[in-house]
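What follows is a set of notes on a single structure, which appears directly below.
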Amino acid sequence: MKDLSVLQVFSYALFLAIMLAPPAMLAGRSSTTMRADLTHVDSGGGFTRRQLLSRMAARSRARATSLHQQRPRPRGHPATLPVAPRDVGSYSTEYNIHFAIGTPRPQHVALTLDTGSDLVWTQCKPCSVCFDSDIPAFNSTASKTSRVLPCSDPMCGPLCFLKSNACFYIYAYGDKSTTAGLLLRDTFVFRAPSGKGGTVLAPDITFGCGVYNAGNYRNKESGVAGFSRGRASLPMQLNVGKFSYCFTSMFDSDKYSAAFLGTPDDLRAHATGPIQSTPFVHSPTRPDLYYVQLKGITVGSKRLPIDESAFAFKEDGSGGAMVDSGTAITMFPQAVYEQLRRAFVEQLPFPAAEDPQSNLLCFSSPPGLEAEDANPPKLVFHLAGADMDLPLPSYMIAMGDDQLCLVIDHTETDDTVIGNFQQQNMHMVYDLESNKLLFAPAQCDKL
Ligand SMILES: *[C@@H]1O[C@H](CO)[C@@H](O)[C@H](O)[C@H]1NC(C)=O
């Protein structure tokens, strides 16, 4: 049997949990919080740190390129229509969210968590064009609550089979991956927050039942869960007002990360440092995505001489600093990266060179030296009203026996993306009601 990974074992456990526990029902806007487990896309893949970093770097660059190429968005085009054929985000992303769809026997789905797009979809039976997946395709016939969205539904876009009164969708991602099929509505089944046991049912969630799915999909997932501000996204449809995630170290592949839809439990109790917040800022070209105001960077005791305008939106709508769940490695415009690179080279007493596999900046260190023993400079991102003081393992790691590498990269554009490697061991709360990002250092596997 090929790779009976933690993920598969986990999915059986999830089923059991869902079958045995009495559900709580969600109606309208609710204070009920839903929980879901997250797995890293490379977890259980048996990769070395070096391979993991190279893979993450390659994906981050591809995603940055495709997010950039989507600009400018056509004027007046609503950012929320789930069914128009257009480019939305790069599909290529990093974490899968696990939950289930349908009643009375919920079917497990593993969807790539994407703050860069809105549609929620999963591979469906009977499939015309499907990718190989460890997760069985969703069978809507087996769900009592499943129904096809009628043409008159406000969530239905311009694509409809009038004869059968069935709404369908076509969706294309920036990397040319596509999905098409019927739009369905069904009950989504989540776990209740930790300690409470049981499940939370969210009825009437619209999602794509994908029967033509072509492109760059992976076998540990069954589709994509959009988490943008678009009205078709999972947090928007659930009307939760807040969502959050907390990524465990991606080098600990046996640990699950957590996502919460709704107010996360005990944010304060689980924080290992101060809870800080910074307002989201509006992007003129991508109002559906999550941008923050970055003002500067400190390396060690030195604030880098970078003008704030390096992180601002440009005339054409490019630039800005986006917080993204789907980009692994934080990327800065070239000129900013050069400053950062120089500061690390000045402040670490080891010879520096680009690693040929990942293209990241690495230092030749004495054999066996761990990053924390090298006393590397601290790294702080200064956001409006908040300082993101990065834990060492979130930017500098030992690779091989005699290298320390800085896990920060650069774009060929004006865009800054704060990636999920830098968000590890940090509880990141997207407060959509107050339009701000909250974050607190946390032990994510304890949530
Ligand atoms: C879908 O579920 C129905 C009802 O349980 C079953 O009869 C059918 O065989 C299933 N279809 C597929 C393709 O598995």
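Remember, it's a predicted structure, so these values are computed and weren't measured experimentally. When a ligand or atom number is given, it counts from 1 through the structure's own listing order. Residues take their numbers from the sequence shown, with the count starting at 1.
There is a protein heavy atom closer than 4.0 angstrom to atom 11 (N) of ligand 1. Protein heavy atoms are found less than 4.0 angstrom from atom 2 (O) of ligand 1.
Counted by atom type alone, N216 and R59 present zero donor-acceptor pairs between their side chains at under 3.5 Å. Checked by atom type, the side-chain pair T122/S222 shows a donor-acceptor distance below 3.5 Å. Side chains of N213 and Q123: a donor-acceptor N/O pair is present below 3.5 angstrom, by distance only. Side-chain atoms of D445 and T248 form no donor-acceptor pair, as typed in the model, at a separation below 3.5 Å.
What sits closest to atom 13 (C) of ligand 1 on the protein, heavy atoms only, is K125 CD, 3.6 Å. In terms of protein heavy-atom proximity, atom 5 (O) of ligand 1 is nearest to A142 CB, 3.8 Å.
Of the polar atoms of N139, at least one N or O is found under 3.5 Å from an N or O of ligand 1, judged by distance alone.
Between D288 and R286, at least one side-chain nitrogen of the basic residue sits less than 4.0 Å from a carboxylate oxygen of the acidic one, meeting the salt-bridge criterion.
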